[in-house]
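The structure presented is a predicted model; accordingly, all values stated were derived computationally and were not measured. Per chain, numbering begins at 1; letters A, B, ... match sequence-line order.
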Amino acid sequence: MTDAFAIKIQHARLAYGHTSEPVLQDLSLTFRANQWTCLLGRSGCGKTSVLRKLAGLLEDAHWRGDILTCDGQPLAGRIAYMAQQDLLLPWLSVLDNVCVGYRLKGQPVTEAIRQQGLRLLEQVDMADKAQALPQTLSGGMRQRAALARTLMQDQPVVLMDEPFSALDAVTRHKLQTLSFELLKNKTVVLVTHDPQEAVRLGHQLYVFEGNPASARPLPALSSQPPRRLDPDTAQLQEQILERLEDDHA
Amino acid sequence: MTDAFAIKIQHARLAYGHTSEPVLQDLSLTFRANQWTCLLGRSGCGKTSVLRKLAGLLEDAHWRGDILTCDGQPLAGRIAYMAQQDLLLPWLSVLDNVCVGYRLKGQPVTEAIRQQGLRLLEQVDMADKAQALPQTLSGGMRQRAALARTLMQDQPVVLMDEPFSALDAVTRHKLQTLSFELLKNKTVVLVTHDPQEAVRLGHQLYVFEGNPASARPLPALSSQPPRRLDPDTAQLQEQILERLEDDHA
Amino acid sequence: ADHELSLMLDWFVNPNHGPIVIAHEKGYFAEQGLEVAIQEPADPSMPPKLVAAGKVDMAISYQPTLTIDVAAGLPLIRSGTLVSTPLNTLIVLDESGIKSPADLSGKKIGISIAGTEEATVGTMLKYHGLEYGNVEMINVGWSLAASLASGKVDAVWGGLRNFETNQLELENVQATAFYPEEHGVPSYDELIFVANSKSYDKEAIKAFNSAIEKATTYIVNHPDAAWEEFVSYSPDTLDNELNAMAWEDSLTRFALRPAAVDLARYDHYAQFMFDHGIIKTLPKAADYNPIIN
Amino acid sequence: MLNVLAQPLSPIRSRRISWLKKALQVLISISVLVVLWQAAITIWDLPSFILPTPLSVFDVLTERYPILFKHTWVTAQEILIGLLLGVSIGLFFALQMLLFAPVRRWLLPILIASQAIPVFAIAPILMLWLDYGIASKVAMAAIIIFFPVTTCCYDGLRSTPQGYLDLAHTLGANRWRRLWHVQLPTALPALGSGLRVAVVIAPIGAVVGEWVGSSAGLGYLMLQANARMMIDEMFAALFILSLFSVALYFSVDWLLKKLIPWHA
Amino acid sequence: MLNVLAQPLSPIRSRRISWLKKALQVLISISVLVVLWQAAITIWDLPSFILPTPLSVFDVLTERYPILFKHTWVTAQEILIGLLLGVSIGLFFALQMLLFAPVRRWLLPILIASQAIPVFAIAPILMLWLDYGIASKVAMAAIIIFFPVTTCCYDGLRSTPQGYLDLAHTLGANRWRRLWHVQLPTALPALGSGLRVAVVIAPIGAVVGEWVGSSAGLGYLMLQANARMMIDEMFAALFILSLFSVALYFSVDWLLKKLIPWHA
Ligand SMILES: Nc1ncnc2c1ncn2[C@@H]1O[C@H](COP(=O)(O)OP(=O)(O)OP(=O)(O)O)[C@@H](O)[C@H]1O
Ligand SMILES: Nc1ncnc2c1ncn2[C@@H]1O[C@H](COP(=O)(O)OP(=O)(O)OP(=O)(O)O)[C@@H](O)[C@H]1O
Ligand SMILES: Cc1ncc(C[n+]2csc(CCO)c2C)c(N)n1
Ligand SMILES: [Mg+2]
Ligand SMILES: [Mg+2]
């Protein structure tokens with residue numbers, strides 16, 4: 001397994017277009033190694049934009065500010081990114097979609113890899129749909145397939161943009177546990193709108209605030225994730241909601 | 001405002017393809033006039049399929065079973081449907097997307113209609129993006145634009161498929177309230193994965209169970225939606241989760 | 001065979017090519033130690049160019065065309081004559097009421113552009129007191145007979161008197177032909193053989209001309225037997241009424257002395273074209289009619 | 001019995017029926033065409049050198065089929081090789097333009113300009129380089145074919161949804177594998193359009209090539225027939241050519257439907 | 001000063017620069033072409049009656065521009081009207097086939113068959129039907145143009161994402177408004193491909209028309225020049241034709257970019 005490592009964003013500023021108002025300003029974030037960092041915030045505040053920047057996908061936007069990695073190397077090639085849309089390729093079966101990372105890296109999709117893909121599909125409860133085309137899946141199934149594809153990637157940094165948003169509560173809980181297990185030794189950044197999810201999984205939490213937005217950390221809990229519902233976590237959830245409400249006001 | 005009315009699905013069965021297993025079996029649902037009916041269930045159990053059937057979009061699938069309306073007239077033309085994907089047309093501005101229903105019905109988009117569209121956009125907190133193209137929106141913004149488009153339609157039956165799934169908690173709460181206000185006199189069917197949302201908004205609740213799935217109603221609460229968090233609703237939420245867990249087991 | 005020769009025709013095989021086909025069929029070429037490969041062109045402006053470019057050894061061209069080509073600097077010579085009178089003719093539709101070229105004022109003349117129309121048709125018109133500007137010249141490509149038969153034009157220029165006239169007759173179109181040499185245009189050789197001036201083979205040409213001369217003599221002496229032999233070259237395409245009629249009309253047109261040349265006639269025609277601005281330089285006939293014997 | 005009949009047809013049986021139906025349709029549309037054709041002749045009293053009767057064309061087809069067949073065979077070879085070459089060149093240029101921005105900038109104007117040049121004008125040059133054999137005809141066909149393929153394929157390759165490109169990027173694809181695994185599949189429908197146009201005009205390419213210089217083939221036959229005012233023979237050749245196009249079109253259409261099942 | 005220079009360029013200024021850059025590119029690619037052309041002549045020792053030197057063609061362009069201009073004007077009219085007609089017919093057929101399944105079944109084979117008929121072959125007959133005026137040339141151009149437009153547009157119209165069609169359905173659109181507001185916009189990129197092919201080949205249509213019947217135009221001029229062995233003049237006409245294609249292509253490209261801003 002590859003070594004985990006940390007990323008720091010310092011005093012960044014992001015604007016789409018020369019003339020338009022910035023979306024993010026004075027943004028500082030720290031993503032610790034072997035930990036889950038959850039980003040929350042008003043819809044449209046710029047969470048996806050931050051993930052896209054880390055994934056190297058923000059080419060046309062104007063970004064200012066440093067992105068530091070603990071080993072000083074660029075991030076490119078060490079990132080797994082699960083976007084807000086599922087982006088399943090319509091000409092590949094679900095299993096092929098899950099294994100597509102190998103093809104795209106030019107590595108042969110061996111039987112072992114296919115078996116691993118099948119196991120992951122089983123774990124996300126999609127084993128019976130392995131040979132189906134994505135168009136015949138329900139919304140939640142598509143999301144689970146995309147999750148399986150991301151988990152297949154085995155990169156040190158994993159960025160996930162609302163990965164459980166289209167799932168029912170029970171499936172969501174199961175897949176949270178699964179992802180947490182499988183991504184134990186990674187630097188994980190999770191964008192979510194579900195305070196409960198954030199509190200359950202996050203070693204650290206940030207809430208985006210203001211317009212242009214910047215990120216404010218929430219006080220860390222002493223317990224280790226995955227956490228159960230207890231007075232502490234309930235209180236942290238309350239705090240998140242308060243922050244969001246303040247931001248909306 | 002058009003008269004609200006009720007719909008009944010009786011002992012329906014749905015299968016995709018001749019040979020494949022049915023997805024839904026012995027499905028009976030009642031949608032009451034002037035009420036919100038919430039559908040919950042495991043991801044992939046067939047909730048979207050039911051909505052699509054009601055919206056007249058299930059042409060290639062094999063449906064058996066009656067769909068009764070209280071006035072005996074077909075549903076076609078009396079339905080507003082908000083799909084699981086936002087389906088914003090990329091060549092129209094957000095405002096034009098919101099008003100596109102008029103164009104598609106061949107009615108001129110008058111200044112009054114545009115004003116109404118703008119007001120709705122304001123209410124979903126998107127007034128500043130009225131002239132933007134959909135591609136420049138965040139995921140949650142797209143969903144809000146689609147919601148505004150659905151609310152513009154003013155049909156007696158409104159079908160919504162996870163309409164708030166991509167929104168932060170506060171925005172979600174606000175828009176739930178707004179939708180409930182605006183759709184007071186409609187027959188509303190809401191598919192959701194959020195038990196809290198279902199409990200808050202639903203006059204009646206169904207949970208899909210089994211494989212092939214059928215729908216089982218939950219006991220109605222005595223209070224009227226929109227409901228606040230109280231012991232009764234908390235208990236109903238617990239019940240939903242239990243049912244889902246049972247189904248997963 | 002001592003020499004292999006490739007010969008490109010001016011058009012698809014037709015009775016104009018009688019001597020060539022007979023020489024080929026009756027083995028006169030072989031007698032002279034020649035092996036001649038006959039090719040047909042798709043684009044009639046190509047054969048002289050291919051000779052000039054060295055892609056074929058000989059081609060059939062027209063005297064006016066050769067003069068234009070030589071004036072333009074193409075390395076070509078005339079090596080022999082196939083038909084030593086003009087064949088080109090101005091054909092008019094009887095039903096358009098034209099009795100003489102003088103009636104052409106304001107009419108449409110279909111041409112298949114050869115570059116000399118302005119001089120030849122212009123001269124015929126002037127001969128009858130008309131100006132070139134009095135008529136409308138329309139390019140009709142290679143549908144000379146059809147455009148006239150369908151009445152889209154009142155006259156055509158470029159059809160041959162032994163071929164297109166018969167074609168029209170077979171379509172039951174009443175038409176009259178005016179011969180340019182009877183209306184002020186100098187006489188010339190319609191069909192000639194050309195070779196590359198830089199690489200032509202004297203011996204081969206001599207042998208070729210002898211074979212053609214022998215074939216022409218045979219045709220003139222035994223027209224009916226010659227017809228049979230002509231047709232047997234490609235019965236599929238040649239054995240039809242049109243060719244039979246054209247054969248009769250061609251008998252009197254073949255040059256009896258293919259190697260012979262009247263230099264003054266070439267210079268005269270060149271001067272005529274020069275005067276009408278068709279060519280910008282005046283080539284001397286002796287330069288592109290080398291003495292081969 | 002009634003019960004059995006009321007059952008839905010088995011897929012195989014219904015497929016066979018749909019084939020029969022297709023064939024019938026083609027037959028009927030040909031008949032309609034023939035009737036219209038004869039009607040035009042009768043109504044406007046067209047002479048045979050403008051438009052021959054269907055019957056006389058049919059006569060030529062039945063009587064002279066050995067000759068027609070001989071020439072058809074020559075042209076068929078030219079069409080197929082020309083098609084292969086033209087489509088390859090078209091794909092090659094499209095990929096070049098996609099992958100290398102400079103190539104696009106410099107090459108595109110040249111390609112466009114080359115298309116506007118009537119083949120007749122460059123025919124002499126081609127003849128000088130390629131001689132009278134099949135090469136020059138294949139070259140002509142390829143020249144005519146490649147441009148629609150290039151344009152459609154390039155347009156298709158350009159229009160890959162951004163999301164898929166982003167996916168390829170984060171999954172670590174280099175440009176070649178991105179091209180192969182993401183851009184080409186999304187370009188297939190557009191490429192299909194290009195191919196459909198290409199196969200339909202390929203016969204023209206071959207025939208034009210033959211006009212430039214040849215001693216066999218349907219184009220040669222048509223020129224001959226035209227010059228001799230044997231318009232019925234020309235139409236017989238035209239008819240065979242049209243059959244080629246229709247057959248090629250539907251073959252490609254069928255093939256594309258197999259290849260692009262995820263696309264309507 | 002340094003500070004000011006370091007500022008990003010204003011949009012207007014950078015747009016002007018990008019135009020300059022484009023113009024420069026075209027200029028350079030023309031130069032490259034000219035050099036290749038001269039090189040071909042030098043290397044293969046091509047005689048001037050097969051391929052004239054760029055310089056002699058340039059001379060003709062500068063010296064004889066009044067005549068060239070006169071004929072260009074004629075051909076330009078034919079091209080533009082032919083384009084209008086061909087594109088309209090192409091769109092019309094595509095819409096017909098989309099909207100009426102029977103039309104598709106009956107019309108498509110006929111359209112395809114019609115395409116395989118080399119225009120060159122029917123051109124002489126077309127002339128006999130339509131007279132030697134502008135109509136026949138316009139018809140030729142239109143015939144050549146309409147098929148790529150039909151194919152690409154029809155393929156584009158067929159490939160509207162199902163979601164959008166569903167949306168149109170639930171929003172109560174009838175087929176016409178669905179077509180206008182949903183299918184046509186999504187077909188625009190594919191239609192663009194068709195248009196790009198169409199404008200590039202339109203000049204051929206017009207010129208071929210002039211070759212088989214005309215009394216003016218660039219095609220007529222080319223025949224005349226060819227007959228008089230003024231090959232440099234013929235290539236001057238070819239050059240103008242190519243310019244037409246390139247200019248039309250880039251105009252359409254620019255227009256389409258304006259029309260389809262949501263598309264890459
Ligand atoms: N077009 C199709 N072809 C074949 N099978 C389909 C098709 N659409 C849906 N299905 C199948 O039908 C089942 C129900 O799908 P549906 O989209 O209705 O689920 P859902 O309840 O909405 O799920 P989710 O909560 O994940 O959106 C799934 O198993 C899915 O694979
Ligand atoms: N391509 C783009 N062009 C212009 N503006 C953009 C573009 N992409 C995003 N934006 C703008 O940037 C802001 C942040 O968008 P982003 O997608 O990062 O939000 P988000 O926090 O992920 O929201 P959500 O929770 O709704 O997904 C929004 O105001 C959006 O309109
Ligand atoms: C049977 C027959 N018909 C027409 C022509 C064509 N043609 C006749 S004259 C001329 C130009 C020279 O004046 C051309 C091209 C031919 N060669 N043979
Ligand atoms: Mg987002
Ligand atoms: Mg669903």
K.L.:
So with a 6.0 Å cut-off around CD of A/E21, is the heavy-atom count from everything else above 12?
P.N.:
no

K.L.:
For A/L159, which atoms come within 4.5 Å of any heavy atom of chain D: side chain, backbone, both, or neither?
P.N.:
neither

K.L.:
Please classify the contact of A/L57 with chain D as side chain, backbone, both or neither, using a heavy-atom distance under 4.5 Å.
P.N.:
side chain

K.L.:
Within a strict 4.5 Å, meaning less than it, do heavy atoms of the A/T30 and A/K8 side chains meet?
P.N.:
yes

K.L.:
Using non-hydrogen atoms and a 4.5 Å limit, figure out which bit of A/A83 sits close to chain D: side chain, backbone, both or neither.
P.N.:
neither

K.L.:
Tell me, side chain or backbone of D/N174 under 4.5 Å from chain A's heavy atoms, or both, or neither?
P.N.:
backbone

K.L.:
Is it the backbone or the side chain of D/H169 that comes under 4.5 Å from a heavy atom of chain A, or both, or neither?
P.N.:
side chain

K.L.:
Check this for me, if you would: do D/R196 and D/D253 make a salt bridge, where the nitrogen-to-carboxylate-oxygen distance has to be below 4.0 angstrom?
P.N.:
yes

K.L.:
A quick test of your reading: do over 12 heavy atoms of other residues, nucleotides or ligands sit less than 6.0 Å from CZ of D/F239?
P.N.:
no

K.L.:
For a 4.5 angstrom cut-off between non-hydrogen side-chain atoms, does A/T150 reach A/P163?
P.N.:
no

K.L.:
What distance do A/L147 atom CG and A/Q123 atom CD have between them, rounded to the nearest 0.5 Å?
P.N.:
10.5 Å

K.L.:
Using a 4.5 angstrom heavy-atom cutoff, name the option from A/G56, A/A80, A/P134, A/G77 with the most pairs to chain D.
P.N.:
A/G56

K.L.:
Please look at A/Q153 and chain D and tell me whether the side chain, the backbone, both or neither of the residue comes under 4.5 angstrom of a heavy atom of that chain.
P.N.:
side chain

